[in-house]
*Asks:* 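The structure that follows is given in the form of structure tokens.
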Amino acid sequence: MKKNISILIACLMMCCVPGKLLAQWGNTGDVQITEQSVRKVDSLLQVDLKICLTDLSVKSNLAVDIIPVLIGENGQSTLLPKLLVTGRNRHIVFQRMPRKEAGGLFEVRRRNKEEQYADYTASIPYEKWMGHSSLSVVLDLCGCGWDDLGSKQMDLRKIVINDPADYVPVLAYMVPAKEVKVRSKSGAAFLDFPVDKIKIYPNYRNNSQELAKIQATIDSVRNDQYATITTVAIRGYASPEGSYRHNAYLAEHRTEALLQYVRDLYHFSDAEFTESFEPEDWKGLEKMVEASGMPYRDEVLAVIRDESITDPDGRDRRLKELHGSLPYRYLLDTFYPALRRSEYVVTYTIRPFATEEAKEILYTDPKQLSLEEMYRIAETYERGSEEFNDVFDIAVRMYPNDAAANLNAANAALIRRDTIAARRYLDRVPACAEKLLAEGALALYEGDRDTAVERFEEAKAAGMAEAEANLEFIRYIP
């Protein structure tokens with residue numbers, strides 16, 4: 001009877017002692033994580049740990065909770081299934097528990113004073129925030145529970161799992177060289193002259209319309225507030241019929257007359273006026289015949305291309321002799337009028353612009369800007385922003401054959417994941433380190449990881465520091 005009373009008193013005393021303190025009287029020690037792996041497998045996050053229990057002592061009737069926890073960069077967290085390390089008697093109780101009551105617990109019996117390891121594996125549904133989180137482990141020796149122990153975790157590792165859908169390439173843009181902005185406008189006028197005359201008659205036949213074409217070209221530059229005309233050049237051509245000497249006279253003096261006509265109209269003080277002439281435009285005639293379906297085309301071309309004929313007048317006679325002059329009359333009526341022309345080129349410069357002024361012009365008259373000026377505009381915006389990329393899209397439209405314009409436009413296309421446009425632009429860029437970076441990003445977007453790594457490694461070897469950031473991203477893609 002006394003024995004039973006003593007047991008009852010002891011039980012009452014145990015009930016009066018908080019459970020957390022009671023458990024502390026039993027378990028001691030610590031654990032070590034000797035191996036760890038965290039990876040994304042399909043839609044799951046898989047955590048594998050090798051846990052050394054050698055320094056942990058667990059009383060026979062008690063247990064220790066080892067609780068892995070994921071903590072996201074923005075405060076998200078989730079507890080993984082715990083590992084229950086049990087003493088001898090507690091292990092027997094656990095084994096007898098129905099599976100439903102045991103739940104998802106992992107359990108291992110601790111054999112005190114022996115070297116012992118536990119293999120832990122858990123898989124949980126992957127959420128995007130887990131790709132940039134940290135893995136910790138909490139050891140609950142006292143049965144205190146997560147609420148009291150959550151701040152006492154053992155930090156194991158940072159987790160980086162990159163999703164290709166989140167890839168933002170680190171690229172290098174090509175800085176265009178400064179330039180003196182030299183531009184030109186050109187055209188051709190087909191003036192009519194009375195037979196053997198060299199004087200300009202503005203109202204003769206269609207001359208008023210042809211002269212107006214020249215004036216319109218010059219006026220379009222002269223009225224441009226940003227432009228300064230530097231040169232007006234006129235080159236006159238005559239057709240091959242008649243003697244070469246006479247054609248040379250007509251071509252030279254008719255060109256002089258037109259140039260003087262333009263001088264008298266404008267009186268430019270700083271512009272240079274130049275003239276040149278071609279007495280007989282055989283090359284122009286060859287191109288016209290070659291592109292035509294005229295009668296006896298091949299025979300006419302053979303005469304025009306015959307290098308043994310060194311005298312232009314002799315070549316003209318040979319054409320007249322072909323098939324009773326039938327093809328020659330076709331040449332006179334169809335091609336020769338177009339050979340009698342004056343080609344003109346108006347060359348001008350555009351003044352440089354400060355960046356803020358250039359911004360105002362970019363969307364209204366971008367042809368006034370150099371690539372270097374456009375690049376300075378882009379640099380005022382955040383890299384990769386819509387405004388930043390828009391500048392390079394405009395630049396490549398203005399300079400479709402320029403390497404820098406195409407490289408930068410390719411980069412802008414990659415930022416918005418337009419792989420078709422990026423590849424089109426890159427095809428116009430010669431080999432360079434910046435292109436290797438862009439090709440690596442393009443390959444990754446297209447799912448070719450091996451080529452992406454190869455291009456980034458080549459870019460790194462070529463001195464592109466940006467390559468390392470891209471390689472680092474790829475390293476953590478599952």
Side-chain angles (χ1 to χ4, degrees), residues 19-72 77-127 130-161 475-476 478:
K20 297 176 182 179
L21 297 177
L22 178 64
Q24 285 178 332
W25 297 341
N27 302 326
T28 60
D30 203 351
V31 298
Q32 293 180 346
I33 309 300
T34 58
E35 296 178 18
Q36 50 185 297
S37 170
V38 181
R39 57 199 178 102
K40 184 173 179 284
V41 180
D42 298 326
S43 61
L44 299 175
L45 183 73
Q46 181 173 313
V47 177
D48 296 292
L49 303 174
K50 191 175 187 65
I51 307 172
C52 179
L53 306 175
T54 303
D55 295 332
L56 182 65
S57 178
V58 182
K59 285 292 185 179
S60 180
N61 294 325
L62 301 179
V64 171
D65 288 341
I66 299 176
I67 311 168
V69 56
L70 287 174
I71 302 175
S77 65
T78 189
L79 301 179
L80 276 69
K82 67 174 65 174
L83 172 64
L84 190 66
V85 183
T86 57
R88 178 182 178 279
N89 292 342
R90 186 68 175 270
H91 172 70
I92 294 172
V93 172
F94 186 86
Q95 293 298 314
R96 291 174 178 172
M97 289 174 61
R99 292 296 90 190
K100 184 176 181 181
E101 294 182 27
L105 291 176
F106 298 97
E107 186 266 349
V108 62
R109 177 190 168 184
R110 173 68 181 117
R111 301 181 185 276
N112 290 333
K113 298 182 180 180
E114 292 185 13
E115 182 178 3
Q116 187 177 356
Y117 294 87
D119 291 322
Y120 174 91
T121 298
S123 296
I124 60 174
Y126 179 80
E127 297 179 32
M130 297 176 183
H132 293 271
S133 60
S134 58
L135 174 65
S136 302
V137 165
V138 172
L139 182 65
D140 187 355
L141 289 168
C142 61
C144 302
W146 170 255
D147 291 339
D148 286 344
L149 295 171
S151 61
K152 300 176 182 178
Q153 66 260 24
M154 178 198 311
D155 293 330
L156 297 184
R157 61 175 294 173
K158 291 288 186 182
I159 298 171
V160 180
I161 299 174
R475 288 188 189 105
Y476 294 102

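Computed over heavy atoms, backbone and side chain alike; hydrogens, waters and symmetry mates excluded.
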*Asks:* Do you know the tightest heavy-atom contact between Ala118 and Leu83?
*Replies:*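 The answer is CB-CD2, 4.0 Å.
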*Asks:* Testing the basics here: between Cys52 and Thr34, what is the closest heavy-atom pair and its distance to 0.1 Å?
*Replies:*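 Result for this residue pair: CB-CG2, 3.9 Å.
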*Asks:* Do other residues, nucleotides or ligands put more than 12 heavy atoms under 6.0 Å from Tyr476 OH?
*Replies:*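 Counting neighbours around OH of Tyr476, 12 or fewer heavy atoms of other residues, nucleotides or ligands fall under 6.0 Å, so no.
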*Asks:* For Ser123 and Leu44, which heavy atoms make the closest approach, and how far apart are they?
*Replies:*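 The answer is CB-CD1, 4.1 Å.
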*Asks:* Can you tell me how far apart OG1 (Thr121) and CG (Leu49) are? Round to the nearest 0.5 Å.
*Replies:*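 CG of Leu49 is found 8.0 Å from OG1 of Thr121.
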*Asks:* Roughly how far apart are Lys40 NZ and Leu45 CG, rounded to 0.5 Å?
*Replies:*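 That separation rounds to 9.5 Å.
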*Asks:* Is there a donor-acceptor contact under 3.5 Å from the side chain of Ser60 to the main chain of Asn89?
*Replies:*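 The answer is yes, because a donor-acceptor pair under 3.5 Å joins these two groups.
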*Asks:* Mind checking what makes ring-ring contact (aromatic ring centres under 6.0 Å, His included) contact with Tyr120, not counting sequence neighbours?
*Replies:*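 Expected list: Phe106.
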*Asks:* Give a yes or no on whether Lys158 atom NZ has more than 12 heavy-atom contacts from other residues, nucleotides or ligands under 6.0 Å away.
*Replies:*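 For Lys158, atom NZ is not crowded (no more than 12 foreign heavy atoms under 6.0 Å).
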*Asks:* Using every non-hydrogen atom in the two residues, find where Gln116 and Thr54 come nearest and quote the distance to one decimal.
*Replies:*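 Closest approach of Gln116 to Thr54: N-OG1, 3.2 Å.
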*Asks:* How long is the straight-line distance from NZ of Lys82 back to CD of Glu107, given to the nearest 0.5 Å?
*Replies:*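 Between atom CD of Glu107 and atom NZ of Lys82 there are 13.0 Å.
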*Asks:* If you measure from CZ on Arg39 to CG on Asp48, what distance do you get to the nearest 0.5 Å?
*Replies:*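 Between Arg39 CZ and Asp48 CG, I get 6.0 Å after rounding to 0.5 Å.
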*Asks:* Using modelled atom types and a 3.5 Å cut-off, is there a donor and acceptor pairing between side-chain atoms of Asn112 and backbone atoms of Lys59?
*Replies:*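 Answer holds: no.
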*Asks:* To the nearest 0.5 Å, what is the distance between CG (Leu139) and CD1 (Ile51)?
*Replies:*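 Answer for the CG-CD1 pair, Leu139 versus Ile51, is 9.5 Å.
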*Asks:* Picking from Asp65, Leu84, Asn27, Val64, what satisfies side-chain contact (heavy atoms from CB on, under 4.5 Å) with Asp140?
*Replies:*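 Result: among Asp65, Leu84, Asn27, Val64, Asp65 is the only option passing the side-chain contact (heavy atoms from CB on, under 4.5 Å) with Asp140.
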*Asks:* Under the side-chain contact (heavy atoms from CB on, under 4.5 Å) test against Val85, which residue among Leu141, Ile66, Val31 passes?
*Replies:*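 Checked Leu141, Ile66, Val31 against Val85; only one passes side-chain contact (heavy atoms from CB on, under 4.5 Å): Ile66.
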*Asks:* Once rounded to the nearest 0.5 Å, what's the spacing between atom OG of Ser77 and atom CE of Met130?
*Replies:*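 Here the rounded value is 10.0 Å.
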*Asks:* Nearest heavy-atom pair of Ile124 and Pro81: which atoms, and what distance?
*Replies:*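 Closest pair (atom of Ile124, atom of Pro81, distance): CG2-CD, 4.3 Å.
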*Asks:* Ignoring hydrogens, what is the shortest heavy-atom contact between Thr86 and Arg90? Give both atom names and the distance.
*Replies:*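 It is CG2-CG, 3.8 Å.
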